[in-house]
A.B. asks: 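Below is one structure. I have some questions about it.
Computation of the quantities below employed the complete heavy-atom set of this structure, encompassing side-chain atoms and omitting hydrogens, waters and symmetry-equivalent molecules. Both ligands and their constituent atoms are indexed starting at 1 by order of listing.
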Amino acid sequence: MTRPVIGIIGNNHVIDGHYVTHGGGAMNSSAVAQVARGLPLVIPADPKLVSVEELLEACDGFLLTGGRPNVHPDEYGEEETPAHGSFDRSRDAITLPLVRACVERGQPFMGICRGFQEVNVAMGGALHAEIRDLPGRTNHRMPPEGTLEEKFALRHVVTLSEGGPFHRLFGAREVMTNTLHGQGVKTPGRRIVIDGHAPDGTPEALYVEGAPGFTLSVQWHPEWNAGADPVSRPLFEAFGAAAREWSTRRQPMAATRRSA
Ligand SMILES: N[C@@H](CCC(=O)NCCCC(=O)O)C(=O)O
């Protein structure tokens with residue numbers, strides 16, 4: 001059986017100050033290949049190079065990866081300030097319409113960290129520029145020093161809604177997660193259900209109400225230790241199963257198009 005193709009949304013990275021690359025962390029590719037059991041395909045998220053329509057055709061599902069640059073506040077009707085940090089407008093231009101198209105079509109996606117925030121903004125929601133500056137909130141940012149193990153260590157509980165999709169998937173109302181982000185959901189978009197929170201109230205898990213496909217998205221990084229972690233593993237397995245189902249459903253459509 002062929003593997004479902006999972007488009008991994010790449011980030012623009014500048015190496016050595018001048019060499020521009022499109023990349024996704026190797027952890028994402030491994031989680032897709034080894035846990036979701038999909039074919040990982042890193043996407044250069046730039047509308048000069050790819051279109052949303054082409055991506056929807058080429059891929060069975062999308063992993064909206066984490067990324068340091070933030071979604072531009074223009075996308076949710078706010079003015080840019082220094083607190084908003086850096087941006088990746090090319091990625092915004094692909095992922096926001098891609099999420100809306102996937103919701104409409106029932107094509108699976110899973111948002112991680114920046115990807116989680118993109119799902120919210122795509123559906124009309126807004127973000128806080130810097131959650132650690134808000135009263136009562138803690139610092140969710142990546143520790144600036146330390147090994148990868150220390151940066152991705154489990155740091156807080158996420159409490160999930162009773163009977164919600166995350167509770168059902170994990171079989172627990174409380175799970176431990178890592179945390180490596182500065183921004184967070186301020187107002188949920190249309191049909192966005194916040195299904196899990198950190199102890200300081202920060203939204204951590206969401207899905208799109210009534211969407212016909214897989215939309216589970218998380219503010220933490222399940223790609224870390226994806227094969228062994230009891231939270232990451234079921235998430236990637238469920239995402240892979242959804243992409244596989246999409247791929248088997250669309251094969252007859254693709255065959256019809258080829259023979260026409
Ligand atoms: N920029 C957003 C999203 C944070 C995020 O996705 N972090 C992943 C960083 C991965 C890396 O180190 O490149 C925010 O800050 O909230």
A.B. asks: How close do Thr65 and Ile9 get, counting heavy atoms only, and between which atoms?
C.D. replies: OG1-O, 2.7 Å
A.B. asks: Between His140 and His156, does the ring centre distance come in under 6.0 Å?
C.D. replies: yes
A.B. asks: Using a 3.5 Å distance criterion without hydrogens, assess whether the side chain of Arg233 forms a donor-acceptor pair with backbone atoms of Asn225.
C.D. replies: no
A.B. asks: Give the ring-plane orientation class for His84 versus Phe87, where under 30° counts as parallel, over 60° as perpendicular and anything between as tilted.
C.D. replies: tilted
A.B. asks: For ligand 1, what are the residues with a heavy-atom contact below 4.0 Å?
C.D. replies: Gly66, Gly67, Arg68, Pro69, Asn70, Cys113, Arg114, Gln117, Leu180, His181, Gly182, Gln183, His221
A.B. asks: For Phe152 and Trp224, take the angle between the two ring planes, folded into 0 to 90°, and tell me which bin it lands in: parallel under 30, tilted 30 to 60, perpendicular over 60.
C.D. replies: parallel
A.B. asks: Roughly how far, to the nearest 0.5 Å, is CD of Gln219 from OG1 of Thr202?
C.D. replies: 8.0 Å
